[in-house]
Peer 1: 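Supplied in structure tokens, the structure appears directly below.
In what follows, residues are counted from 1 in the order of the sequence shown. Reckoned from all heavy atoms, side chains included, excluding hydrogens, waters and symmetry mates. Everything numeric in this text was worked out from a predicted model, so none of it was measured.
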Amino acid sequence: QNGEAVDTARVVQSVSRCIDPYADWQALMALARQSELRFAISNTTEAGIAYVAEDQPQDSCPESFPAKLCAFLYERFRAFDGAADKGLILLPCELIERNGDKLKDCLRRHAEAWDLPQTFRDWLDAACPHCNTLVDRIVPGYPADEADALAARLGYRDALIAAAEPFLFMAIEGDTRLAAELPLHELGLDVVWTDDMTPYRTRKVRILNGAHTVSVLAGFLAGCDTVGEMVGDPTCGAFLQQALQAEILPHLEVPEEDKRSFAAAVLERFANPHVCHRLLTISLNSVSKYRVRVMPSLKAYHVATHQIPPALSFGLAALLAFYRGTGIEDGALLGDRGGTTYQIKDDPAVLAAFATAWSGFANDGNLHKLVYRLLADRGVWNEDLTAWDGLVETVCTHLSAIMARGCRGALDDLLARSSVTA
């Protein structure tokens, strides 16, 4: 932080217990009846806030998060006879645009599908404020490589220990009167309550998350295992610079100085030698991440130049190569990197689409057909990407190079045609 190493250990004592709703649904329902409850905070990744038609739960836990939350809130509504002061403030932290609005929409749809009373639906709207949020902090999670040394240093072993960078930022869009109930901004934390978080979200998603998502799968296939290793690698680092400096920033509608300084800070954070952020960890749900984090930059470049951005489209080809699996086991598609198996984790329907497409390629060897089939799949991208002039051909060329020369060789070829270097 500010050029200096920061090493602090903080014991979190405010968590009283954890409940597995699949193992003990009634314990969760009992929590809904706890009078003091005020906030519901979630972070279920980009794929977590989505409406999935499910029957109203009786004695078992539903699958989707919105269904769980709707059942939870209905239990609370009944327990307190719809008292206005017993509603919960919803703070979803999933990195999707207007996350609070989308979560509330899912809740309304479940309430309607389950034919819950109109009085509950009115209570949901009036007593449960939903805030749109943006959280910016790199949290690699459990520091497996340092666990033994940390246990020796702390004097005990903590199976729930998590590593995080010192940097943090949070923007909360909602009624600013709610800030008094969660006064994080008064504790010296960089937390902003605002009536419009669009500029904060655009900057973060397009620069930090976009740079992450477009580069990590290519970096992994090129032999890197962590973000720091990828940034320090001459080839992968130059590719990241190409994507960020030449293709994302120029067409991002954020003040020039703001986006340039934020990008510089992002690159410094990526290179933090103390943060071991594994690329496979970041690869979770890469399809929805690419759709949300990279596609807007690809579109902006295409609209401005009438061309397909080389690095951003290479990132898409690397995604297709990364999702080349040999079969699905334990809910994950199994990929291969140099003879070592890795797990590809995403929505089951997405994994099935890729597995089927690559199986078809194994039979006919038609790469253009494979790329066209995958990019045309609206179930994967929420749109038909083949409608973009030149995208199929460009991605096909990149993917062919990856398969012929390996991802590192294909990256070297790409960078030889570029003037941007690390």
Peer 1: How far apart are the C-alpha atoms of R153 and D7, what are their side-chain angles, what is the distance that settles it, and do they pass the salt bridge (Lys or Arg N to Asp or Glu O under 4.0 Å) test?
Peer 2: CA-CA 12 Å; R153 170 182 148 193; D7 184 2; 3.1 Å; yes
Peer 1: Just to verify, what does D258 make a salt bridge (charged side-chain N to carboxylate O under 4.0 Å, His left out) with, not counting sequence neighbours?
Peer 2: R203
Peer 1: Evaluate whether atom CD of E112 has more than 12 neighbouring non-hydrogen atoms of other residues, nucleotides or ligands under 6.0 angstrom away.
Peer 2: no
Peer 1: State which residues pass salt bridge (charged side-chain N to carboxylate O under 4.0 Å, His left out) with R109; sequence neighbours excluded, sorted by chain then number.
Peer 2: none
Peer 1: Kindly compute the distance separating CG (D190) from CG (L184), expressed to the nearest 0.5 Å.
Peer 2: 11.5 Å
Peer 1: Verify whether the ring centers belonging to H212 and F270 lie closer than 6.0 Å.
Peer 2: yes
Peer 1: Roughly how far, to the nearest 0.5 Å, is CG of L279 from CG of L217?
Peer 2: 8.5 Å
Peer 1: Going by the side chain to side chain donor-acceptor pair (under 3.5 Å) test, which pairs reach into residues 223-232, not counting sequence neighbours?
Peer 2: D225-R337
Peer 1: Is there a side-chain contact between D413 and R405 in this structure, where contact means two heavy atoms from C-beta onward sitting under 4.5 Å apart?
Peer 2: yes
Peer 1: Do the side-chain N and O atoms of D122 and Q118 include a donor-acceptor pair separated by under 3.5 angstrom?
Peer 2: yes
Peer 1: Check the pair F39 / L88 against side chain to side chain contact (heavy atoms under 4.5 Å, CB included), numbers first and verdict last.
Peer 2: CA-CA 5 Å; F39 291 89; L88 298 186; over 6 Å; no
Peer 1: Hey, does D158 have a side-chain heavy atom less than 4.5 Å from the side chain of V11?
Peer 2: no
Peer 1: Is it the case that over 12 heavy atoms from other parts of the model lie below 6.0 angstrom from the CG atom of N363?
Peer 2: yes
Peer 1: Between K68 (side chain only) and E63 (backbone N and O only), is there a donor and an acceptor less than 3.5 Å apart?
Peer 2: yes
Peer 1: Show which side-chain atoms of residues 169-183 pair as donor or acceptor with protein atoms under 3.5 Å away, not counting sequence neighbours.
Peer 2:
residue : atom : partner : partner atom : Å
E173    : OE1  : R98     : NH1          : 3.2
E173    : OE1  : M197    : N            : 2.9
E173    : OE2  : R98     : NH1          : 2.8
E173    : OE2  : R98     : NH2          : 2.6
E173    : OE2  : N132    : ND2          : 3.1
D175    : OD1  : R177    : N            : 2.9
D175    : OD1  : R177    : NE           : 3.0
D175    : OD2  : R177    : NE           : 3.0
D175    : OD2  : R177    : NH2          : 2.5
E181    : OE1  : R38     : NE           : 2.8
E181    : OE2  : R38     : NH2          : 3.0

Peer 1: Evaluate the side-chain proximity of T281 to P140: yes if any heavy-atom separation is below 4.5 Å, no if none is.
Peer 2: no
Peer 1: What pairs meet the ring pair (Phe, Tyr, Trp, His ring centres under 6.0 Å) rule with one or both residues in residues 125-144, with sequence neighbours excluded?
Peer 2: none
Peer 1: Find the distance between OG1 (T213) and OH (Y290) and round it off to the nearest 0.5 Å.
Peer 2: 9.5 Å
Peer 1: Side chain of S400, backbone of C396: donor and acceptor closer than 3.5 Å?
Peer 2: no
Peer 1: Just so I know, are the side chains of W381 and M295 near enough to count as touching, which here means a heavy-atom distance under 4.5 Å?
Peer 2: yes
Peer 1: Examine the side chains of K289 and N209 and answer whether a donor and an acceptor come within less than 3.5 Å of each other.
Peer 2: no
Peer 1: Using modelled atom types only, decide if a donor and an acceptor are shared between the side chain of N99 and the backbone of T133 within a distance under 3.5 Å.
Peer 2: yes
Peer 1: Does some side-chain heavy atom of L90 sit less than 4.5 Å from a side-chain heavy atom of P129?
Peer 2: no
Peer 1: Output yes when R260 and E256 qualify as a salt bridge under the 4.0 Å nitrogen-oxygen rule, no when they do not.
Peer 2: yes
Peer 1: Say whether D196 and T198, considering side chains only, have a donor N or O and an acceptor N or O under 3.5 Å apart.
Peer 2: yes
Peer 1: So, the side chain of R378 versus the backbone of L385: is there a donor-acceptor pair under 3.5 Å, distance only?
Peer 2: no
Peer 1: So, taking the atom named CG in N382 and the one named CZ in R291, what distance separates them when rounded to the nearest 0.5 Å?
Peer 2: 4.5 Å
Peer 1: Could you tell me which residues satisfy salt bridge (charged side-chain N to carboxylate O under 4.0 Å, His left out) with D195, sequence neighbours excluded, listed by chain and number?
Peer 2: none
Peer 1: Do other residues, nucleotides or ligands put more than 12 heavy atoms under 6.0 Å from R121 CZ?
Peer 2: yes
Peer 1: For the pair K102 (side chain) and A50 (backbone), establish whether a donor and an acceptor sit closer than 3.5 Å, ignoring hydrogens and angles.
Peer 2: no
Peer 1: Compile the donor-acceptor pairs under 3.5 Å between side chains in residues 311-326 and protein atoms, sequence neighbours left out, one pair per line.
Peer 2:
residue : atom : partner : partner atom : Å
S313    : OG   : P309    : O            : 2.7
S313    : OG   : P310    : O            : 3.0
S313    : OG   : H398    : NE2          : 3.1
Y323    : OH   : S286    : N            : 3.2
Y323    : OH   : D346    : OD2          : 2.5
T326    : OG1  : L334    : O            : 3.3

Peer 1: Identify, with sequence neighbours excluded, every residue that meets side chain to side chain contact (heavy atoms under 4.5 Å, CB included) alongside A164.
Peer 2: R137, V139
Peer 1: Considering only heavy atoms from C-beta outward, does the side chain of L370 approach that of L399 to under 4.5 Å?
Peer 2: yes
Peer 1: Ignoring hydrogens and angles, tell me if any N or O in the side chain of K345 forms a donor-acceptor pair with the backbone of L284 under 3.5 Å.
Peer 2: no
Peer 1: Has the side chain of R408 got a donor or acceptor atom that lies under 3.5 Å from a matching backbone atom of A222?
Peer 2: yes
Peer 1: Search all heavy atoms of C106 against all heavy atoms of P66 and return the closest pair with its distance.
Peer 2: CB-CB, 3.6 Å
Peer 1: What is the minimum heavy-atom distance between Y51 and A113, and which atoms define it?
Peer 2: OH-CB, 3.5 Å
Peer 1: At what distance, to the nearest 0.5 angstrom, does OG1 of T341 lie from CD1 of I344?
Peer 2: 10.0 Å
Peer 1: Check for a donor-acceptor pair, side chain of N285 on one end and backbone N or O of S288 on the other, with a separation under 3.5 Å.
Peer 2: no
Peer 1: Side chains of L31 and R17, heavy atoms from C-beta outward: is any pair under 4.5 Å?
Peer 2: yes
Peer 1: Go through the structure and list residues passing side chain to side chain contact (heavy atoms under 4.5 Å, CB included) with C128, not counting sequence neighbours.
Peer 2: L73, K104, W123, L124
Peer 1: Nearest 0.5 Å, please: how far is CD in E146 from CD1 in I161?
Peer 2: 9.0 Å
Peer 1: Any donor and acceptor pair, going by atom type alone, linking the side chain of T202 with main-chain N or O of P199 inside 3.5 Å?
Peer 2: no
Peer 1: Could you tell me if the side chain of L28 sits less than 4.5 Å from the side chain of C61, heavy atoms only?
Peer 2: no
Peer 1: For the residue pair C224 and C236, what are the closest heavy atoms and their distance?
Peer 2: SG-SG, 3.9 Å
Peer 1: Output every pair passing side chain to side chain donor-acceptor pair (under 3.5 Å) with a member in residues 295-309, not counting sequence neighbours, ordered by first then second residue.
Peer 2: R206-S297, K299-E383
Peer 1: Please list, chain by chain and in numerical order, all residues satisfying salt bridge (charged side-chain N to carboxylate O under 4.0 Å, His left out) with D330, sequence neighbours excluded.
Peer 2: none
Peer 1: So F361 and W358, would you call those rings parallel, tilted or perpendicular, with 30° and 60° as cut-offs?
Peer 2: perpendicular
Peer 1: Donor-acceptor check, side chain of E54 to backbone of S64, threshold 3.5 angstrom: yes or no?
Peer 2: yes
Peer 1: State which residues pass side-chain hydrogen bond (donor to acceptor under 3.5 Å, both in side chains) with D136; sequence neighbours excluded, sorted by chain then number.
Peer 2: R269
